[in-house]
Amino acid sequence: MRMSKLFVQTLREFPNDAEAISHKLLVRAGYIKKLTSGIYSYLPLMQRVISKVSQIIREEMNAAGAQELLMPFVQPSEVWEKSGRWEVYGKELARFNDRHGNKMCLAPTHEEVITSVVSGTFTSYKQLPINLYQIQTKFRDEIRPRFGLLRGREFIMKDAYSFHTSQESLDEEYENMARAYKRIFERCGLETKMVQSDSGAIGGSVSHEFMVLTSTQTGENDVFYCENCDYSANSNHAISILNINETDGAKYGYSEKKLVDTPNVKTIEDLAKFLKIDSNCILKSVFYIADSKPVLVMIRGDKDVEETKLLNALNALEIRPATNDEAIEYLGCEVGYLSYLNVDANKVKIIFDKSAQGMKNFVIGANEPHKHYVGCNFDKTPEFVDVSLVKEGELCPNCKKPLKVTRGIEVGNIFQLGTKYSKPMGATYTDENGVEKPFIMGCYGIGVTRTASAAIERYHDDFGIVWPKEIAPYHVDIVPVNADDSEQMDVALKIYNELLNVGVEVVLDDRADRAGVKFKDSELIGFPYRITVGKTVKEGLVEFKERKTGEVEKLSPEDVIEKCKKILLS
RNA sequence: CGGGACGUAGCGCAGCUUGGUAGCGCACCUCGCUUGGGACGAGGGGGUCGCAGGUUCAAAUCCUGUCGUCCCGACCA
């Protein structure tokens, strides 16, 4: 490809509406163009990256025994009503009516359709297990799309679905997919960590996410992991062991239950300071509204509620912190002094977080403005549920060593669905005894466009993108320093044609611009290798520069061709 | 959906307080010059100032409404 013909426009400045570095670089280097919020055109450079990632996925999925198919992007409400998700999916599911008034939607995922595809087609246990996948555009009408392709509303996803006759068979395929995923991301140049996760709206029991660990702030999730054993989990799934010996208020002289005045002391921080006590001796009350019903969470003062865990514990669909007015309405007291004491458990659901277990002589709100109790103890031991966010340094649930935290981008996930879809949808096979049974299912996703973005988040520098060569849009950028110099141009053309012939993906920057412009663009776009044909051509030499390391070698045109072949075609 | 900010040329921005012929840089086009790190000179094209009302002799500017975009939270590949 000649640079003068390539459909690309690099920008001198970063776009104003981008925050994440991958988003900034994709726009500035001419890979994507926004059409509207969360929806982008993939320009030729981007399309090549997408093809590379997709091809790697295809090869590995096929090698793992899966078969590619392609399902409809526009779907009727019927299948969604059958699975029960038409009601619960929420506004992320983009719905519309067709001209006949039939309810339709744009596919955010394909569990329903794949289930109906397999149902009635593969009806014998002899035909199972089977794993089917597709690479396709999805649409999720996210409340807040952001970070460019890291979270678009429209994005490209590889989604696979497996069907089994037994849990053992599913377990086997789950492991098989986990191995395939590891290889896929490795081939994309990405190191990933497989972490336990919450299964969210897709449902099911066992699930793991594949995270690209990033040091940048734009990592989407916190990942907790143990350096001693191999425990790792997403923040909405991580559990930890807390040291409960230190949570006795008696240590601070509060060993008897007493009502104390705490004027205008509303926050845990202020309360700890006011009473000269550690915040882990305070039993904090956090008030939520879950599916329009009030829920009071009692949690240790130094801990925070993990709302996904709470959502799951309540089996609720939607949750939000209550307002001060709602606190007064349901509990008769303003926020800051709330407590479960004297609260009618029939009217307000009360949840005790595990962190409260073992607390003694604690401080708690009095459910009366500007007053707290000190020296409280549980009358009878309540049931404790884990709804708190793990913090770095808390102990690993397996080996009790301190946990570490890092930011990560979720690029893939695997779920064991069980019969969550097959049962309600009546998708069954006939077993060896002639009995009809629902399929046992698994599903496996990879965000293709997100993977490409994650690679940029992981590999970039002050000058631009530093693509791993496996997913770079082109391998080599040939820069004749002066396009008017026929000697330079001749040598550049010779190398270009030679590399083209042997199948190296190469760009010739034949533009009339000065060298600086071409160098800047080359680095911004992120070609893994650059061949500079400049004044050393008189000595029969050209320069070969590696983007990642910045290392430069002076080679003859013949040697540089051999070098490219060796690095890029093996 | 809650909190915050912003909509002026393809991109980045000024002008708005105090109403009076819409500007700058980059990019684009032409010519010249230049050619190892985003050169320089001359000339040129491109904007119903997000949209709709209102106030006014006159609105990018003031008022009201509305739509959109971005950031923080919850959701997710």
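Residue numbering restarts at 1 for every chain, and letters A, B, ... go by the order of the sequence lines.
- Annotation: ring pair (Phe, Tyr, Trp, His ring centres under 6.0 Å) contacts of A/Phe163 (sequence neighbours excluded): A/Phe439.
- Which of B/rG37, B/rG38, B/rU69 sits closest to the side chain of A/Val517 comes down to B/rG38.
- In this structure, A/Asn16 does not reach the B/rG12 phosphate: none of its side-chain N or O atoms is under 4.0 Å from OP1 or OP2.
- Of all the residues in residues 538-555 of chain A, A/Glu543, A/Lys545 reach under 4.0 Å from RNA chain B with at least one non-hydrogen atom.
- In this pair, A/Phe527 and A/Tyr474 present their aromatic rings tilted. The plane angle is within the 30 to 60° band.
- At a cut-off of 3.5 angstrom, the base of B/rG36 holds no donor-acceptor pair with the side chain of A/Asn482.
- With hydrogens and angles ignored, the 3.5 Å screen pairs a side-chain donor or acceptor of A/Lys303 with a backbone N or O of A/Leu389.
- Neither OP1 nor OP2 of B/rC75 sits under 4.0 Å from any side-chain N or O of A/Arg146.
- In summary, of the residues considered (A/Lys518, A/Arg530, A/Arg547), a salt bridge (charged side-chain N to carboxylate O under 4.0 Å, His left out) with A/Glu523 occurs for A/Arg530 alone.
- Note on A/Thr451: every side-chain N or O is 4.0 Å or more away from OP1 and OP2 of B/rA77.
- Counting heavy atoms from C-beta on, the side chains of A/Tyr40 and A/His23 come closer than 4.5 Å.
- Checking each of A/Ile156, A/Thr451, A/Ile471 against A/Ile50 for a side-chain contact (heavy atoms from CB on, under 4.5 Å) leaves exactly one that passes, namely A/Ile156.
- Across the interface with RNA chain B, nearest-nucleotide mapping of A/Phe14 and A/Glu92 shows A/Phe14 to be the residue nearer the 5′ end.
- Dense packing is recorded around CZ of A/Arg28, with more than 12 heavy atoms of other residues, nucleotides or ligands lying under 6.0 Å away.
- Here A/Gly464 lies out of heavy-atom contact (under 4.0 Å) with every strand.
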request  = Check step by step if side chain to side chain donor-acceptor pair (under 3.5 Å) holds for A/Gln75 and A/His110.
outcome  = CA-CA 9 Å; A/Gln75 307 180 352; A/His110 278 76; 3.2 Å; yes

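- For A/Phe519, the ring pair (Phe, Tyr, Trp, His ring centres under 6.0 Å) criterion is met by no residue, not counting sequence neighbours.
- When the side-chain nitrogen and oxygen atoms of A/Thr308 are compared with OP1 and OP2 of B/rA74, none of them lie within a distance under 4.0 Å.
- The stretch residues 287-297 of chain A does not touch RNA chain B, since none of its heavy atoms comes less than 4.0 Å from the strand.
- A cation-pi arrangement is absent between A/Arg95 and A/Trp80, since the terminal nitrogen or guanidinium carbon is not both under 6.0 Å from the aromatic centre and inside a 45° cone about the axis.
- Distances shown here put a side-chain N or O of A/Lys34 below 4.0 Å from the OP1 or OP2 atom of B/rC70.
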Would you tabulate the pairs of protein nitrogen or oxygen atoms and nucleotide nitrogen or oxygen atoms of nucleotides 24-28 of chain B closer than 3.5 angstrom?
{"unit_1": "B/rC26", "atom_1": "O3'", "unit_2": "A/Arg12", "atom_2": "NH2", "d": "3.2"}
{"unit_1": "B/rA27", "atom_1": "OP1", "unit_2": "A/Arg12", "atom_2": "NH2", "d": "2.8"}
{"unit_1": "B/rA27", "atom_1": "O2'", "unit_2": "A/Gln9", "atom_2": "NE2", "d": "3.1"}

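- The gap from the P atom of B/rC29 to that of B/rC16 amounts to 34 Å, rounded to the nearest Å.
- Surrounding NZ of A/Lys349 are at most 12 heavy atoms belonging to other residues, nucleotides or ligands under 6.0 Å away.
- Between B/rA77, B/rC71, B/rG37, one nucleotide has an atom nearer to the side chain of A/Phe147 than all others, and that is B/rC71.
- Looking at heavy-atom distances under 4.0 Å, A/Arg511 makes no contact with the nucleic acid at all.
- Looking at heavy-atom distances under 4.0 Å, A/Val411 makes contact with sugar-phosphate atoms alone, never a base.
- Within 3.5 Å, a donor on the side chain of A/Arg28 pairs with an acceptor on the base of B/rG38, or the reverse.
- Between A/Ala515 and A/Pro15, the residue whose closest nucleotide on RNA chain B is further toward the 5' end is A/Pro15.
- Stacking between A/Phe519 and the base of B/rG36 is absent under the criterion of ring centres within 5.5 Å and planes under 30 degrees.
- Within 6.0 Å of CZ in A/Phe14 there are more than 12 heavy atoms belonging to other residues, nucleotides or ligands.
- A/Asp485 comes within 4.0 angstrom of no nucleic acid atom, judged by non-hydrogen atoms across all strands.
- In this structure, A/Asp521 reaches the bases: a heavy-atom distance under 4.0 Å links it to at least one base atom across the strands shown.
- Evaluation of the ring pair (Phe, Tyr, Trp, His ring centres under 6.0 Å) rule for A/His208 yields A/Tyr174 as partners, not counting sequence neighbours.
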